[in-house]
Amino acid sequence: MTSNVTAVSYGLNVTPAGLEQLRSVLAAHGADVLSESSAGDSRYGVQVLDLALPDATAAGLAALRRAVADAATNDFDTALVPAGLRSAARKLLIMDVDSTLIQQEVIELLAAYAGKREEVAAVTEAAMRGELDFAQSLHARVAVLAGLPADVVQSVRREVKLSEGADRLVAAFKTAGHTVAVVSGGFNQILEPIAGDLGIDYWQANELEIVDGALTGKVLGAVVDRAAKEKYLREWAAAEGIALEHTIAVGDGANDLDMLGAAGIGVAFNAKPAVRAVADAALNMPYLDAVRHIAGV
């Protein structure tokens with residue numbers, strides 16, 4: 001019998017009782033556990049169960065994911081991953097940036113220099129929950145930056161912190177010969193040096209307009225919104241000759257939903273409830289590198 005789906009459980013406390021409950025749910029859906037192994041490190045645990053699932057179609061996986069989510073404990077999360085993705089010779093990892101690849105929201109860091117951080121943070125939260133049109137909300141938030149000296153961009157660069165394990169995740173994918181991309185509703189002026197330092201293959205964000213050494217409160221060109229994120233996923237996968245079913249997308253907000261839905265597996269990273277509800281998998285701990293276990297890298 002050949003495995004066609006892998007259940008990957010990960011969390012700060014992967015308990016025997018929780019795993020036994022998971023096995024019961026899997027068995028109730030006719031899944032046979034063919035092999036089992038442990039991974040992880042001192043930060044978090046990982047348990048990998050290779051399964052033979054009678055219905056490994058998209059509909060069958062979706063049904064099993066719902067059942068696993070309904071029965072889940074608060075100790076750990078479980079991703080159900082098609083075996084073809086985990087075994088693919090070449091994969092594409094695409095990530096959101098703000099609150100995913102990095103810990104902060106860059107627009108809020110910039111707005112602090114205009115004395116508008118709390119005001120902008122409230123708009124950002126609403127946009128990430130899907131309550132506001134992203135492009136309109138971005139224009140409104142950027143407008144408060146008008147008149148700031150351009151050197152605040154350099155100051156904000158120094159404040160940015162990668163998410164825990166982000167560098168490990170990118171290095172693992174690159175070492176294994178895979179492709180890594182990031183796409184952001186943030187700003188190229190912040191993203192470019194981060195992407196360069198990490199060796200990321202593709203990246204795209206919005207461009208802050210700077211005139212005479214000051215921010216104008218505008219962005220140049222079309223806004224990188226949820227539709228654009230999916231577009232770049234498809235373009236970059238095609239450019240690399242990687243099938244969409246062999247792509248992994250990671251994000252936290254409503255503007256990531258199209259990208260998460262189009263990828264082979266979409267991972268909600270410490271995400272808003274609306275995103276967790278529809279993503280294929282959820283990662284609810286601060287260690288971004290756990291994505292490598294989901295992807296089999």
Side-chain angles (χ1 to χ4, degrees), residues 79 81-82 84-104 106 157 160-208 219-253 255-269 279-281 283 287-297:
V81 191
L85 188 157
R86 285 177 56 88
S87 64
R90 295 193 63 231
K91 307 169 191 178
L92 169 66
L93 168 67
I94 185 168
M95 295 179 284
D96 174 42
V97 177
D98 292 33
S99 297
T100 300
L101 182 71
I102 65 173
Q103 296 179 28
Q104 303 102 322
V106 166
R157 282 180 186 168
V160 167
K161 294 182 179 179
L162 291 175
S163 291
E164 295 282 349
D167 51 351
R168 298 189 192 195
L169 176 61
V170 174
F173 267 76
K174 296 289 291 179
T175 299
H178 304 304
T179 301
V180 181
V182 290
V183 62
S184 175
F187 309 106
N188 283 328
Q189 286 93 336
I190 302 297
L191 180 55
E192 182 176 11
I194 296 172
D197 289 345
L198 292 174
I200 287 170
D201 299 288
Y202 296 93
W203 57 273
Q204 184 65 52
N206 298 299
E207 186 78 14
L208 288 167
V219 293
L220 298 172
V223 169
V224 178
D225 59 8
R226 60 188 285 176
K229 289 187 173 190
E230 179 186 352
K231 176 179 76 77
Y232 284 117
L233 162 62
R234 292 181 181 276
E235 285 183 3
W236 295 335
E240 292 292 323
I242 296 172
L244 274 180
E245 55 264 34
H246 297 158
T247 64
I248 305 96
V250 187
D252 74 299
N255 64 326
D256 299 314
L257 285 173
D258 292 1
M259 175 177 77
L260 297 181
I265 189 164
V267 181
F269 179 66
D280 299 316
L283 177 52
Y287 305 115
L288 188 62
D289 57 305
V291 173
R292 66 177 296 192
H293 297 286
I294 296 173
V297 174

Step by step, work out the side chain to side chain contact (heavy atoms under 4.5 Å, CB included) result for His178 and Leu93. CA-CA 8 Å; His178 304 304; Leu93 168 67; over 6 Å; no
Review point. Do Lys231 and Asp258 pass the side chain to side chain contact (heavy atoms under 4.5 Å, CB included) test, and can you show the C-alpha distance, the side-chain angles, and the key distance before you say yes or no?
Key: CA-CA 9 Å; Lys231 176 179 76 77; Asp258 292 1; over 6 Å; no
ask   = For Leu169 and Leu101, what are the C-alpha separation, side-chain angles and deciding distance, and is it a side chain to side chain contact (heavy atoms under 4.5 Å, CB included)?
value = CA-CA 10 Å; Leu169 176 61; Leu101 182 71; over 6 Å; no
request  = Tell me, with the steps shown, if Tyr202 and Val183 meet side chain to side chain contact (heavy atoms under 4.5 Å, CB included).
outcome  = CA-CA 8 Å; Tyr202 296 93; Val183 62; over 6 Å; no
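In this structure the side chain of Arg90 never reaches within 4.5 angstrom of the side chain of His246, judged on heavy atoms. Ile242 places a side-chain heavy atom less than 4.5 Å from the side chain of Thr247. Proximity of Leu162 to Leu198: side-chain heavy atoms (C-beta onward) are separated by under 4.5 Å at one or more points. Between Ser184 and Asp98, the closest side-chain pair of non-hydrogen atoms falls below 4.5 Å. Side-chain contact check for Pro82 versus Glu245: every heavy-atom pair is 4.5 Å or farther apart.
Of all heavy-atom pairs spanning Phe173 and Arg292, the tightest one is CE1-CA, 4.2 Å. Here the closest heavy-atom approach between residue Pro193 and residue Arg157 is recorded as CG-NE, 3.8 Å. Considering all non-hydrogen atoms of both residues, Leu244 and Ala237 come closest at CD2-CB, 4.4 Å. Heavy-atom minimum distance, Glu164 versus Gln103: N-NE2, 4.3 Å. In terms of heavy atoms, Ser163 sits closest to Thr100 at OG-O, 2.5 Å.
Side-chain N or O atoms of Arg234 include none that pairs as donor or acceptor with a backbone N or O of Ala262 at under 3.5 Å. Side-chain atoms of Thr175 never come within 3.5 Å of backbone atoms of Ala172 as a donor-acceptor pair (strictly under, hydrogens ignored). Using modelled atom types, no side-chain atom of Glu207 and backbone atom of Asn188 make a donor-acceptor pair closer than 3.5 Å. Judged by distance alone, the side chain of Asp201 and the main-chain N or O of Ala181 form no donor-acceptor pair under 3.5 Å. Although no hydrogens or angles enter the test, the distance criterion places no donor-acceptor pair under 3.5 Å between the side chain of Arg168 and the main chain of Leu288. At least one donor-acceptor pair under 3.5 Å links the side chain of Asp280 to the backbone N or O of Gly266. Counting only distance, with no hydrogens or angles, the side chain of Asn206 and the backbone of Gly186 share a donor-acceptor pair below 3.5 Å.
The residues Glu230 and Arg226 are annotated as not salt-bridged, no charged nitrogen and carboxylate oxygen being separated by less than 4.0 angstrom. Using a 4.0 Å cut-off between a side-chain N of Lys or Arg and a carboxylate O of Asp or Glu, Lys229 and Asp256 qualify as a salt bridge.
Summarising the geometry, atom CH2 belonging to Trp236 is positioned 8.5 Å from atom CG belonging to Leu92; distances are rounded to the nearest 0.5 Å. Interatomic distance, CG of Leu260 versus CG of Asn255, reported as 9.5 Å (0.5 Å rounding).
More than 12 non-hydrogen atoms from other residues, nucleotides or ligands lie less than 6.0 angstrom from CD of Glu235.
Of the residues listed (Val267, Ile248, Val180, Asp252), the one engaging Met95 in a side chain to side chain contact (heavy atoms under 4.5 Å, CB included) is Val180, and it is the only one.
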